[in-house]
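Written out below as structure tokens is the structure these notes cover.
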Amino acid sequence: MFNVQSSKFNVQRLKHKVQCSKLKVQWIGCFLLAFPLLFTACLDETPKSQLPEEQAYDTAANLYNNAVATLYNYIGGTQESQGLQGTYRGVYDYNTFTTDEAIIPTRGGDWYDGGFWQSLYLHTWTPADVSLRNTWNYLYKVVMLCNHSLAELDSHQSLLTTAQYESYRAEVVGVRCLFYYELLDMFGRVPLIKADGVALDDVKQVERSVLFRDIVADLQDILPYLTDDHSNLEGNWYGRFTRPVAEFLLARLMLNAEIYNDNDWTDDKQTDGKDILFTVDGQSMNVWEACIYYCDQIENAGFTLENDYAANFTVHNETSTENIFVIPMDKVKYQNQFLYLFRSRHYAHGSAIGMDAENGSSATLSTVRAYAYGTDSVDARYAINFYSDTLRVDGKVVVQDDGSPLVYRPQVMAVDLTGTTYEKTAGARMSKYEIDRTAHADGRLQDNDIVLFRYADVLLMRAEAKVRNGQSGQADLDQVRARAGMSMRTATLDNILAERLLELVWEGSRRQDLVRFGLFNKAYDLRPQLDGEESGYTTVFPIPSTALELNKQLEQNPGY
């Protein structure tokens with residue numbers, strides 16, 4: 001196999017060119033109309049910079065590099081609304097700052113941004129929101145590129161052995177499933193397109209349950225052709241779509257099956273998970289049993305909890321026994337950016353470590369309370385996940401421009417802090433990832449890999465699935481709490497949801513958890529329930545208005 005460090009990330013200059021040089025006229029015409037801005041970067045390329053087709057696909061190695069490895073460049077990002085994590089106004093922000101976990105409050109002249117961050121927290125987004133449109137475009141761009149890559153693999157299959165063809169194809173299908181999973185979760189009813197060069201008239205919106213089952217079927221189909229290797233470890237499979245990654249996705253899909261199987265999320269009716277059946281490894285299982293099965297498979301693949309919770313987020317976290325799928329980061333080799341620490345810390349905090357800062361994102365009041373901050377029983381993970389109180393760097397108290405100590409105020413927060421005493425210092429700040437003191441671009445280019453999937457989540461998924469299936473999830477919950485040095489709690493659904501916040505804060509899964517537990521559309525923390533929101537319509541984002549205007553076959557999600 002090919003080393004992803006040479007095949008994946010050293011094709012940065014080719015990542016658009018091959019696709020652009022190979023796009024059929026019909027395909028360009030249809031999909032530029034259907035999904036505006038999807039291929040703007042392609043259109044900016046000059047002909048002399050394009051890689052000739054005969055060179056791009058002349059060997060098995062080049063076919064892999066230019067039809068498979070190049071797709072991994074899109075999992076991270078460098079621009080707004082691009083990448084599954086690391087950048088602003090995209091998948092991560094829509095799944096984090098819309099919840100009771102975190103908030104970016106307005107701080108005087110900072111962070112109003114046309115009301116964008118307030119709209120996320122208050123659920124007042126609209127189909128016309130530019131960032132929502134750009135996120136939709138990003139997700140579909142990668143789906144389209146996957147379809148094109150599959151067509152290239154078919155066209156040049158003669159260069160490959162049967163094993164190579166099946167392996168390469170499985171990776172591409174896996175990446176496409178990952179991006180369709182995000183579309184399923186965020187938008188519900190979306191176009192399902194699985195071929196290259198589809199005409200606009202043939203682009204059909206499908207019910208949420210149809211897309212859900214299609215993703216599951218594709219993931220199950222490719223499992224035999226994916227390697228069992230760990231994707232987080234540096235080596236040939238570093239950052240690539242492997243069998244444990246697929247099994248994690250399958251477990252997530254099964255855990256959320258009651259939501260994803262529901263074609264009308266506004267009628268307060270769902271099919272019980274015990275009555276939603278799938279064939280798994282030749283056996284009929286309900287979705288809770290299937291979730292448990294896939295979690296077991298991940299455990300059997302050798303993933304374990306790190307002894308130290310913080311080890312998963314250190315500068316050199318490639319060797320973590322817990323991380324299942326990451327966005328590889330290297331401040332010299334790779335272009336992917338991680339802006340979240342930079343976004344959160346106060347200006348004086350940034351100066352103290354020799355970097356810049358934006359003084360934005362903070363924990364909500366309810367999150368601080370969930371950690372029992374200010375009590376004798378504060379959760380041991382609080383000090384790892386948050387900066388709070390008087391800040392020290394290298395043992396020295398950090399001071400502000402006026403000479404006063406920098407003191408973060410975890411128990412002070414408002415949607416708009418403008419004019420308040422603690423306008424600039426309110427809120428506990430993100431500290432989950434160790435600061436790379438040698439990072440470039442004020443910390444945006446770091447060596448810590450961005451964690452997307454990890455084994456602690458597997459244990460909590462399995463605990464929840466067991467409880468929902470009438471079994472005991474105690475052993476799995478106990479493992480997670482014991483590693484954190486915390487006392488045992490009874491494995492009830494409420495306690496498992498609470499543990500997911502404590503364990504997985506800042507990791508981008510809170511919106512999905514709240515939707516699954518029926519809490520996302522309720523009032524929480526500082527957020528009131530919108531008029532009509534009890535229907536659940538905000539549990540799915542609206543289809544962007546530009547997509548509806550350009551494809552009259554699409555229908556808007558209910559409530560928008």
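What you see is a predicted model, and the numbers here were worked out from it, not measured in a lab.
A distance of 7.0 Å separates CG in Asn263 from CG in Asn261, rounded to the nearest 0.5 Å. Atom CG in Asp436 sits 5.0 Å away from atom CG in Asp447 (nearest 0.5 Å). For the atom pair CZ (Arg454) and CG (Leu460), the distance works out to 8.5 Å, reported to the nearest 0.5 Å.
Between the side chains of Asp185 and Gln512, at least one donor N or O sits under 3.5 Å from an acceptor N or O. Of the N and O atoms on the side chains of Thr126 and Asp129, at least one donor lies less than 3.5 Å from an acceptor on the other residue.
Within the 4.5 Å cutoff, the side chain of Tyr347 has no heavy atoms near those of the Gln400 side chain. Inter-residue side-chain proximity for Pro542 and Leu132 is flagged as met; some heavy-atom pair is nearer than 4.5 Å. You'll find the side chain of Glu434 reaches within 4.5 Å of the side chain of Asn448, heavy atoms only. Using a 4.5 Å heavy-atom cutoff, the side chains of Leu122 and Pro528 are in contact.
Residues Ala257 and Phe212 approach most closely at CB-CZ, 3.6 Å, considering heavy atoms. The heavy-atom pair separating Phe342 from Tyr88 by the smallest distance is CD2-OH, 3.7 Å. Minimum heavy-atom separation, Ser545 to Ala128: OG-CA, 3.6 Å. Pairing each heavy atom of Phe386 with each of Trp506, the nearest pair is CE2-NE1, 3.3 Å. Across every non-hydrogen atom of Asp356 and Arg345, the tightest pair is O-NE, 3.4 Å. Closest approach of Trp125 to Leu120, counting heavy atoms only: CZ3-O, 3.4 Å.
For His230 (side chain) and Asn232 (main-chain N/O), no donor-acceptor pair under 3.5 Å exists by modelled atom type. Judged by distance alone, the side chain of Thr87 and the main-chain N or O of Gln82 form a donor-acceptor pair under 3.5 Å. Although no hydrogens or angles enter the test, the distance criterion places a donor-acceptor pair under 3.5 Å between the side chain of Ser535 and the main chain of Gly532. At distances below 3.5 Å, not a single donor-acceptor pair connects side-chain atoms of Ser344 with backbone N or O atoms of Leu341. Side-chain atoms of Lys522 do not come within 3.5 Å of backbone N or O of Gln529 as any donor-acceptor pair. A donor-acceptor pair is defined here as one N or O able to donate and one able to accept, closer than 3.5 Å; such a pair exists between the side chain of Arg107 and the backbone of Asn359. A distance-only check finds a donor-acceptor pair linking the side chain of Trp111 to the backbone of Glu358 [under 3.5 Å]. Judged by distance alone, the side chain of Asp525 and the main-chain N or O of Ser366 form a donor-acceptor pair under 3.5 Å. Not one N or O on the side chain of Glu499 forms a donor-acceptor pair closer than 3.5 Å with the backbone of Ile496. With hydrogens and angles ignored, the 3.5 Å screen pairs no side-chain donor or acceptor of Asn95 with any backbone N or O of Ser509.
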### Query
Does the salt bridge (charged side-chain N to carboxylate O under 4.0 Å, His left out) test come out yes or no for Asp113 and Arg89, once each step is laid out?
CA-CA 11 Å; Asp113 293 350; Arg89 296 173 180 258; 3.6 Å; yes
### Task
Step by step, work out the salt bridge (charged side-chain N to carboxylate O under 4.0 Å, His left out) result for Arg500 and Glu101.
CA-CA 11 Å; Arg500 289 188 66 81; Glu101 176 184 297; over 6 Å; no
### Task
Determine, stepwise, if the pair Asp100 / Arg527 fulfils salt bridge (charged side-chain N to carboxylate O under 4.0 Å, His left out).
CA-CA 8 Å; Asp100 64 348; Arg527 192 194 82 85; over 6 Å; no
### Message
Applying salt bridge (charged side-chain N to carboxylate O under 4.0 Å, His left out) to Arg516 and Asp513, what does each step give before you reach the verdict?
### Response
CA-CA 5 Å; Arg516 187 172 67 255; Asp513 292 344; 3.0 Å; yes
### Message
Would Ser131 and Tyr94 count as a side-chain contact (heavy atoms from CB on, under 4.5 Å) here? Give the steps.
### Response
CA-CA 10 Å; Ser131 294; Tyr94 277 102; 3.5 Å; yes
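Classification of the Tyr180-Tyr140 ring pair by plane angle, with boundaries at 30° and 60°, yields perpendicular. Ring orientation note: the planes of Tyr408 and His349 are tilted relative to one another, at an angle of 30° to 60°. Trp117 and Phe97 have perpendicular rings, their planes meeting at more than 60° on a 0 to 90° scale where under 30° would count as parallel.
Of the residues listed (Leu211, Val210, Ile543), the one engaging Gln205 in a side chain to side chain contact (heavy atoms under 4.5 Å, CB included) is Ile543, and it is the only one. Checking each of Tyr181, Trp136, Trp265, Tyr560 against Phe187 for a ring pair (Phe, Tyr, Trp, His ring centres under 6.0 Å) leaves exactly one that passes, namely Trp136. Here the options are Phe313, Tyr92, Tyr433, the test is ring pair (Phe, Tyr, Trp, His ring centres under 6.0 Å), and the partner is Tyr340; only Tyr92 passes.
Cation-pi geometry between Arg429 and Tyr387 is not met at under 6.0 angstrom from the ring centre and within 45 degrees of the axis.
The pair Lys194-Asp214 meets the salt-bridge criterion, since a charged nitrogen lies less than 4.0 angstrom from a carboxylate oxygen. Using a cut-off of 4.0 Å between Lys/Arg side-chain N and Asp/Glu carboxylate O, Glu503 and Arg483 are scored as salt-bridged.
The 12-atom threshold is not exceeded at OH of Tyr422, counting heavy atoms of other residues, nucleotides or ligands nearer than 6.0 Å.
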